[in-house]
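Each remark here refers to the structure printed beneath this line.
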Protein chains: 2
Amino acid sequence: MSDFDQEDPAARAASRRPATSTQVARAAGVSRTTVSFVLNNVLDKGISEATRAKVLRVAKELGYQPNAAAQSLASGSTGTVAMVVPRTEHLYDDQFLAQLLASVNDECHGLGLKLLIESAQHDDEQASGFVTLVRTRRIDGLIMVNPHRAHIGHLQGLAAARIPMVVLGSGVPELDTFHTLGQDTRSFSRLAVGHLLDLGHRDIAYVGFAGRDYFAGAERELGWRNTLSDAGITPREDLLEFGEITARSGYHATQRLLARGVRFTALFAGNDTIAFGAMRALREVGLRIPEDVALVGYDDIPLAEFGTPPLTTVHTDPIAHGRVAMLELARLLGVGGKPVPVLPDPRLVVRASSGSRLAN
Amino acid sequence: MSDFDQEDPAARAASRRPATSTQVARAAGVSRTTVSFVLNNVLDKGISEATRAKVLRVAKELGYQPNAAAQSLASGSTGTVAMVVPRTEHLYDDQFLAQLLASVNDECHGLGLKLLIESAQHDDEQASGFVTLVRTRRIDGLIMVNPHRAHIGHLQGLAAARIPMVVLGSGVPELDTFHTLGQDTRSFSRLAVGHLLDLGHRDIAYVGFAGRDYFAGAERELGWRNTLSDAGITPREDLLEFGEITARSGYHATQRLLARGVRFTALFAGNDTIAFGAMRALREVGLRIPEDVALVGYDDIPLAEFGTPPLTTVHTDPIAHGRVAMLELARLLGVGGKPVPVLPDPRLVVRASSGSRLAN
DNA sequence: GTGAAAGCGCTAACAT
DNA sequence: ATGTTAGCGCTTTCAC
């Protein structure tokens, strides 16, 4: 104790054993109940203005901060939510995800919630990190991003248990029972492929991302297929190749495509990162973008417009996605009471890589 | 209650009120104390093998998971740490940070710790989110990344209070008192600028990142200055410009540089993202890379090698940074007992953008 | 070897 | 309008 007496005020404030509500109550001359009511803004308890003011003043003087563990033990809720990603690498390989995370975090701030990051890469059939978070009552709810088929079972379990949860990603039929926030990326792929069709392309290749085991990956591939079919063009399996998430995987996937010797005049990349990889692979075999191959990506990541050439892509709005997902979760949690806005539709951003005269 | 009786097992397991240690104790025919000792692997308590086995079996059968709040209230520690970033946008504008986050998260997994994300953008002199996390005892320790000058006061307070903390970023003199994990990026900038000098360049511009109010930004600028000075070249203020974090800011900063009409044959970008912006600005005024301007970045983000041309850059190792920072924090927390590895030195990765014949 | 009992700091129903 | 009291579920000292 005397240890700290010599130190500077900031240190003392932080190091001193934190004040408890009992101390605040004693100093203010009231009971702990009153302190609790005042600090939690419980109305209709008939607390006088004078008492309220005094409690607040004393709490401030003492630098009182309620102990989170005690609070959640007593109240049953933690004020914490988790954002679950399939694999941590996705956080840096996919700028969309990173933006989403940032947005969710900002929204949490506004709602007074804390955000835990959890990845599901080490999960198996038996145990799953995010399920444990729920069962140990570390979190009140969660946002699952871009689920993999393997997660379905666990998610269904949580859904059946009425755990507040938002799943981001379309095309997860097994999850109809709970709240899925997903744009139909299948139909929005139409923006990209349709643009290429409008430019007169017929041989349009697709380099997918994330593989078919991720719902989002499977969906986007279907978007490519359907748009072509609807235009009376049979999607050709030899114009289809899959990468994972990284630019490098897009590079290799495009190389495999090229190695087949198939002819195509346009390429739709499952996302912008894949597109960056594709650009290099195309250029390395002497193909010019867009003169020889028109290229369109998806997501409009911050670097998309700084590609060479700048990338035509479908602008999704990760910030809005994060906000909507978080506000929806907050609604399910009964927190904040903010209305959940509607997600704006993605739109095509035409830049030079697709060779359209509309490029800006 | 009967609500759930009809549902599938997974749902029932999750929805049923979680088993408490009391129930486990009762079912196993022992006291809660024994349950606690067995589950926490407390040795030297003379628990018989039979008892131990039985408790473990019963706990498993009941799907027992200790309540985290109760655990931390009783034990005084939370098993949670925070990673603090100055602003959430940095998470997507700076792939280095995203990689760092992923790595820290992975390391947490291995240590059985949970990771909270916190940003400091809404903080002011009085209140700071990450200080509140500590004072409400939500976290046991934290990793601060790339601190801004404004955070120094709060960090010092925590340091004086002996809060386990690792600050990532070099050149934070005020923080000598506590654990700073930082490579001297000042000296490693030498790799980049030295490379350009070796190639015969004398008029080497610098487009900084993050501004001087971030220690990392100030440091890297000094690296540019010092390397030039040591080579007998006076760093010219008119060849210096600052961006923030984004490619766009690098683009604009480079435009400002060009608008001055100054002549330079090489450009060192404070980080790779800035370099992407610079590439576009240079190209827009008809300058070729590397023929007219040699370009070198910093960080070697995943997209660096997919630039056009591929970017020569200084490869730092965010994954290693994350691991070291987290293991150091774990050491301070007395968790895990894993040795803290040494951070490997950054190295120059020569690609086409600098115009060296050594490019691969 | 095992268990009883005293907290940890807070919330909230109930009593006054 | 304010205070009393009984938990929340766990850890851990101490006694058996």
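Letters go in sequence order (proteins before strands), and every chain restarts at 1. All figures in this text were calculated on a predicted structure; none of them were measured in a lab.
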Please report the distance, rounded to the nearest Å, between CD1 in I47(B) and P in dG3(C). 9 Å
Counting only side-chain heavy atoms from C-beta out, which of dG3(C), dG9(C), dT2(D) sits nearest to L73(B)? dG9(C)
Nearest to side-chain heavy atoms of A70(A), which nucleotide of dG9(D), dG9(C), dT11(D): dG9(C)
Have E89(B) and Q121(B) got a donor and an acceptor in their side chains that come within less than 3.5 Å? yes
Over all atoms of both residues, closest heavy-atom pair of V166(A) and L332(A): CG2-CD1, 4.2 Å
Can you find a side chain N or O atom of T34(B) that sits less than 4.0 Å from OP1 or OP2 on dG3(C)? yes
Could you please name the option among dG7(C), dT11(C), dG3(D) that lies closest to any side-chain atom of S31(A)? dG3(D)
In terms of side-chain heavy atoms, does S31(B) have a donor or acceptor partner in T34(B) at a distance below 3.5 Å? yes
Whole angstrom is fine here: how far is it from NZ in K54(B) over to P in dT2(C)? 11 Å
To the nearest angstrom, how far is R52(A) atom CZ from dA1(D) atom P? 12 Å
Let me know the distance between CZ of R26(A) and P of dT4(D), rounded to the nearest Å. 13 Å
What contact category does V30(B) fall into here, base, sugar-phosphate, or nothing, at under 4.0 angstrom with non-hydrogen atoms? sugar-phosphate
Output the distance between atom CD (E107(A)) and atom CD1 (I319(A)), rounded to the nearest 0.5 Å. 10.0 Å
Side chain of N40(B) - closest among dT11(D), dA1(D), dG9(C): dT11(D)
Which atom pair, heavy atoms only, marks the closest approach of R137(B) to T78(B)? O-CG2, 3.1 Å
Using a heavy-atom cut-off of under 4.0 Å over every strand shown, decide if S72(A) touches base, sugar-phosphate, or nothing. nothing
On the side chain of T51(A), is there an atom forming a donor-acceptor pair with the base of dA1(D) - under 3.5 Å, no angle test? no
Over all strands shown, is T33(B) touching base, sugar-phosphate only, or nothing at heavy-atom distances under 4.0 angstrom? base
Whole angstroms only, please: what is the OH-C1' distance between Y64(B) and dG9(D)? 7 Å
At less than 4.0 Å, is any side-chain N or O atom of S36(A) found next to OP1 or OP2 of dT11(C)? Yes or no. yes
Mind calculating the distance between CZ (R135(A)) and P (dG9(D)) to the nearest angstrom? 14 Å
OP1 or OP2 of dT11(D) sitting under 4.0 Å from any side-chain N/O of Q71(B)? yes
Any side-chain N or O of N67(A) below 4.0 angstrom from OP1/OP2 of dC8(C)? no
Starting at CZ of F37(B) and ending at C1' of dA5(C), how long is that distance when rounded to a whole Å? 13 Å
